[in-house]
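Both backbone and side-chain heavy atoms feed into the values below; hydrogens, waters and symmetry mates do not.
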Amino acid sequence: MVLAALGVVKVATAEQIRQLMCPGTASAQTVRNGCLDLVRDGLVQSLGSASRTNARGNLVTEKLWNLTGPGLEAAAAVLDRPAREMGGTARGAARAGAKHAVKVTDTIVAFLQTPPEPTSPVPRKQPQSVPTAASAAPVGNDTDIAPAAARERPQGLGQISSWATEVVLPVSGTQAAPGKNSPRADAVLTAPEAGVPVMFVEVDNGTENPIALSYKATRYREFFRRPVKQPTRTRNPYALPAKKPVPMWEALYGPLGREGYPPLAIVFTKQVGPTAMNNRIERVRRLTEVHWSGEYKDADTGLGERDGYTDYADAVPIVVTTLDRLREHGPLGPVWFRFGHSTWQTLFDALDNPDDDRAYWIRECERRQLREQQRKQEDEQRAREHREEMERWAAEEAAAQAAKAAKKPDPVCQECGGPLKGSPFDGDAWDEEAPPADGEHCAACRIHLAEPTSRLGRMLRRLVNGDGYPRRW
């Protein structure tokens, strides 16, 4: 356990190792005994000390433990990692008190939230000319350790092997010889089994200027943008060309399963008032806005309004929290504030992008359904109006036919069978000379019937008028 813990965090106190690996033990004395055994074997050493304030407000000074060269190789075997990826032994940091490294270790402890499990005593090797267990005990009252172990812990994220510290992220060059301005992540979490393929963690002790802290986001983005060619698996000249380049971070840690870059988590560890903490977070938020805000894409909805979405393909999702929040609620609690969001959220809610193209296409599908529904309603309205027009025309036609059928025929002349009256628009020349209408004969027939019946009378008429009998036909 000591080798695994120190192989990851490089330098830690016995109490930190206890919290990382075996919080169910009664006190950190068990870890100190294990460290002393490893000192005798030349795998662990103590070159400095660190101070902390316990729950009772007492100042406690503890030894810092770090690995030796052989201990680093032994830790690589325990963690099943290549020795070249283990980094250094942190000798210089241990001598200087390792203030930043201690806070990084506290952050990993808050992430892991290792559940306390019952333990049984382990027989120790008898130390030879090494400090005794009692001499390695912390200076000061440390009686709050045992009650802390009994407290129920929130759910953690990952395990000790999921973490790596002081990881070089080359923006150019290689990991062994990185280029200038390459960032060095304080810690990297890889827990795909927990839904976090990779997360980069920066620990802020409050000693850096917000401008310097925000500049780290610039360097992370440069690293995320760096492409690398995928290695070719064959030397066959007729083989298909290699696949397109992929981001270097994806080649190292694998895909995220979503669009965009891996998250950058900033943990503020300095204990200050809420106003001072909010001001520092707000300052960092404004300075890093160009890196996390994304690019807005505008689109025409076709309904007389505009809509769009935010493209996060080239944006770094930055989430922030405090060490106290992590300790109290764990990494899966509502302890994260995502730059660009409006409230504290759980990790997975904070990493979600509610205004990306997924939400836009959901709205677009709703709009398409609305347009289709409106089109159907308009088609139904047109069909209904056409049907009503045809029904009205048919009703009018039927009424006209019925009126025509019910209309009495025009009276005819009883003598000649022609119309009893002439057209009201065309004057009848015989009307002025004909006798009064009798309702049975037309004007011509009335004139004919009124003529003299004797042969002499008819002859005199022909001689005077020079015409024959007046007839309409």
Side-chain angles (χ1 to χ4, degrees), residues 1-41 43-46 49-50 52 54-55 60 62-67 71-72 74-81 90 94 98 101-125 127 130-138 140 142-165 187 189 191 194 323 326-328 330-331:
M1 289 184 178
V2 173
L3 288 174
L6 293 180
V8 172
V9 301
K10 301 301 185 296
V11 59
T13 65
E15 172 60 19
Q16 287 180 320
I17 297 175
R18 186 184 79 85
Q19 293 290 339
L20 278 172
M21 308 302 298
C22 51
T25 55
S27 70
Q29 188 60 46
T30 301
V31 176
R32 296 188 194 98
N33 293 338
C35 290
L36 292 173
D37 287 340
L38 293 174
V39 168
R40 189 178 64 84
D41 293 334
L43 302 179
V44 170
Q45 60 186 354
S46 178
S49 61
R52 66 180 176 89
N54 63 11
V60 178
E62 296 179 287
K63 283 190 174 183
L64 288 171
W65 303 94
N66 65 285
L67 297 172
L72 201 62
V78 171
L79 294 170
D80 193 21
R81 294 179 181 176
V102 167
K103 292 300 182 181
V104 173
T105 303
D106 287 340
T107 300
I108 296 177
V109 171
F111 264 94
L112 291 179
Q113 298 286 345
T114 307
E117 298 178 357
T119 59
S120 57
V122 178
R124 285 191 62 223
K125 297 179 181 179
V130 295
T132 62
S135 64
D142 199 26
T143 58
D144 64 315
I145 296 178
R151 290 198 302 265
E152 183 178 355
R153 292 188 168 192
Q155 184 178 356
L157 182 61
Q159 50 192 347
I160 190 64
S161 59
S162 304
W163 288 89
T165 57
L189 169 64
L323 183 57
L326 273 180
R327 284 172 172 167
E328 182 179 358

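Scanning all heavy atoms of the two residues, the minimum distance from Ala110 to Pro331 falls at O-CD, 3.6 Å. When all heavy atoms of Val102 and Ala50 are compared, the closest pair comes out as CG2-CB, 4.3 Å. The two residues Gly71 and Leu3 have their closest heavy-atom pair at O-CD2, 4.1 Å. The two residues Gly7 and Ala75 have their closest heavy-atom pair at CA-CB, 3.8 Å. Contact record, Cys35 with Val2: SG-CG1, 3.9 Å, taken as the closest heavy-atom pair.
Applying side-chain contact (heavy atoms from CB on, under 4.5 Å) to Thr13 and the options Thr105, Leu64, Val31, Val60 leaves one that passes, Leu64.
Once rounded to the nearest 0.5 Å, the distance linking CD1 of Ile108 with CD1 of Ile160 reads 6.0 Å. The CZ atom of Arg32 sits 11.5 Å away from atom OG of Ser46, with the distance rounded to the nearest 0.5 Å. Going from atom OG of Ser27 over to atom CZ of Arg18 covers 7.0 Å, rounded to the nearest 0.5 Å. Note that OG1 of Thr25 is 11.5 Å distant from CD1 of Ile17, once rounded to the nearest 0.5 Å.
Using a 4.5 Å heavy-atom threshold, the side chains of Leu6 and Leu43 count as separate. Between Thr30 and Cys22, every side-chain heavy-atom pair lies at or beyond the 4.5 Å cut-off. Residues Ser49 and Glu62 fail the side-chain proximity criterion, which asks for heavy atoms closer than 4.5 Å. Looking only at side-chain heavy atoms (C-beta outward), Val9 and Trp163 stay at 4.5 Å or farther from each other. Side chains of Pro154 and Arg327 form no contact here, defined as non-hydrogen atoms less than 4.5 Å apart.
Remark: the backbone N or O of Ala76 is not paired with any side-chain donor or acceptor of Arg81 at under 3.5 angstrom. Listed for the Thr114 side chain is no donor-acceptor partner under 3.5 Å among the backbone atoms of Met21. Between the Ser162 side chain and the Ala191 main chain, no donor and acceptor come within less than 3.5 Å of each other.
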Working for side-chain contact (heavy atoms from CB on, under 4.5 Å), residues Thr165 and Lys10: CA-CA 8 Å; Thr165 57; Lys10 301 301 185 296; 3.7 Å; yes
Intermediate values then yes/no, side-chain contact (heavy atoms from CB on, under 4.5 Å), Val8 and Leu20: CA-CA 11 Å; Val8 172; Leu20 278 172; over 6 Å; no
Audit row: Leu38, Trp65, side-chain contact (heavy atoms from CB on, under 4.5 Å) steps and yes/no: CA-CA 10 Å; Leu38 293 174; Trp65 303 94; over 6 Å; no
Derivation of the side-chain contact (heavy atoms from CB on, under 4.5 Å) call for Asp106 and Gln16: CA-CA 7 Å; Asp106 287 340; Gln16 287 180 320; 2.7 Å; yes
